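FYI, side chains are in, hydrogens and waters are out, and symmetry mates aren't considered; it's all heavy atoms of this structure. Model, not experiment: these values are computed from the prediction.
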Amino acid sequence: MMILIIKGGMFAFLLILAAVWDVRKREIPDTISLLLMITGLLAIDPWNAFSGLVMTGLPYFLAAILIHRDNCFSIGGGDIKLMAACGFVLGTPLGAMQSVISLTLAVIAGLCIRLSSKSKKLNSITLPLAPFFCAGGIFSYMALLLSAII
């Protein structure tokens, strides 16, 4: 149990670091994703970790390819790598949970910004996604800890 708490603390710290970095510079350093992968090696279930990496990262990769536009919505490479690393730490089910929570929060924030904005264009809103991935990842890891306790 202690190793899960340590892993969770490192996971949360790195996600918060990614969120702050993304808000300030609009990029996520590869080092953070690499450190998340290393964190995932603590108490690893290899099958769940590697399936989580693919199943959590792949949808963001496909979305980035399929909806890339010059001045519109796009998902960056840092977001893809961050979510793949989170999937490695969380595994497939909790990686999916993180995605649902994160994207729901991002849509709500985007709608709130849109409603308070004078611009009528929906694609004029740009949001760094790492803060939402951070919130979703921490909530998902808390679900992992609660399931380990119960």
Side-chain angles (χ1 to χ4, degrees), residues 1-113 123 125-150:
M1 184 62 174
M2 184 55 87
I3 193 76
L4 287 178
I5 293 171
I6 293 169
K7 183 178 180 178
M10 292 170 61
F11 182 64
F13 172 76
L14 290 168
L15 284 177
I16 292 167
L17 184 63
V20 170
W21 199 289
D22 197 22
V23 167
R24 288 186 178 169
K25 300 192 179 198
R26 294 297 179 127
E27 66 179 27
I28 303 167
D30 293 341
T31 308
I32 294 175
S33 297
L34 179 63
L35 291 171
L36 279 168
M37 295 282 292
I38 292 169
T39 300
L41 295 173
L42 296 172
I44 188 172
D45 172 3
W47 172 250
N48 197 27
F50 287 107
S51 65
L53 180 136
V54 172
M55 298 305 290
T56 305
L58 187 61
Y60 292 93
F61 177 72
L62 292 174
I65 291 172
L66 296 174
I67 60 174
H68 178 72
R69 309 251 193 285
D70 289 333
N71 291 322
C72 297
F73 175 77
S74 66
I75 296 174
D79 297 320
I80 298 165
K81 290 179 256 186
L82 182 69
M83 284 306 290
C86 287
F88 186 79
V89 174
L90 294 170
T92 303
L94 292 172
M97 177 190 273
Q98 178 188 14
S99 288
V100 169
I101 293 169
S102 302
L103 295 177
T104 300
L105 292 172
V107 166
I108 291 169
L111 288 174
C112 289
I113 292 169
N123 64 354
I125 299 168
T126 60
L127 290 173
L129 290 176
F132 304 104
F133 293 154
C134 174
I138 291 172
F139 282 127
S140 298
Y141 200 88
M142 287 172 58
L144 173 74
L145 288 177
L146 286 175
S147 70
I149 293 170
I150 298 174

So, taking the atom named [atom1] in [X] and the one named [atom2] in [Y], what distance separates them when rounded to the nearest 0.5 Å?
| X | Y | atom1 | atom2 | answer |
| --- | --- | --- | --- | --- |
| I44 | F88 | CD1 | CZ | 3.5 Å |
| L35 | L14 | CG | CG | 5.5 Å |
| C134 | I16 | SG | CD1 | 5.0 Å |
| I75 | L82 | CD1 | CG | 12.0 Å |

Next item on the list: Let me see the working for L15 and C86 under side-chain contact (heavy atoms from CB on, under 4.5 Å), right down to the final yes or no.
Entry: CA-CA 9 Å; L15 284 177; C86 287; 3.5 Å; yes

With a 4.5 Å limit on heavy-atom distance, are the side chains of [X] and [Y] in contact?
| X | Y | answer |
| --- | --- | --- |
| T56 | T92 | no |
| K7 | Y141 | yes |
| Y60 | S99 | yes |
| L127 | F132 | yes |

Shortest non-hydrogen separation from [X] to [Y] and the atoms involved:
| X | Y | result |
| --- | --- | --- |
| A85 | S33 | CB-O, 3.5 Å |
| F11 | T39 | N-CG2, 4.1 Å |
| A130 | A18 | CB-O, 3.7 Å |
| G57 | I80 | O-CG2, 4.0 Å |

Margin query: Quick one, I32 with K81, criterion side-chain contact (heavy atoms from CB on, under 4.5 Å). Give me CA distance, side-chain angles, the key distance, then yes/no.
Written below: CA-CA 9 Å; I32 294 175; K81 290 179 256 186; over 6 Å; no

Note to self: Other residues, nucleotides and ligands only: do more than 12 of their heavy atoms fall within 6.0 Å of CE on M1?
What the structure shows: yes

Next item on the list: Check whether more than 12 heavy atoms from other residues, nucleotides or ligands sit under 6.0 Å from atom CE of M10, and answer yes or no.
Entry: yes

Next item on the list: Test Q98 against every option in V89, L90, I138 by the side chain to side chain contact (heavy atoms under 4.5 Å, CB included) rule and name the one that passes.
Entry: L90

Item checked: Derivation and outcome, side-chain contact (heavy atoms from CB on, under 4.5 Å), residues S102 and L129 -> CA-CA 8 Å; S102 302; L129 290 176; over 6 Å; no

Next item on the list: With side-chain contact (heavy atoms from CB on, under 4.5 Å) as the test, would you mind laying out the steps for L34 and D30 before giving the verdict?
Entry: CA-CA 6 Å; L34 179 63; D30 293 341; over 6 Å; no

Notebook entry, point to check: Quick one: does D22's side chain have a donor or acceptor within less than 3.5 Å of a partner on I28's backbone?
Noted result: no

Margin query: Between S147 and L144 (side chain of the first, backbone of the second, donor and acceptor by atom type, cut-off under 3.5 Å), is there such a pair?
Written below: yes

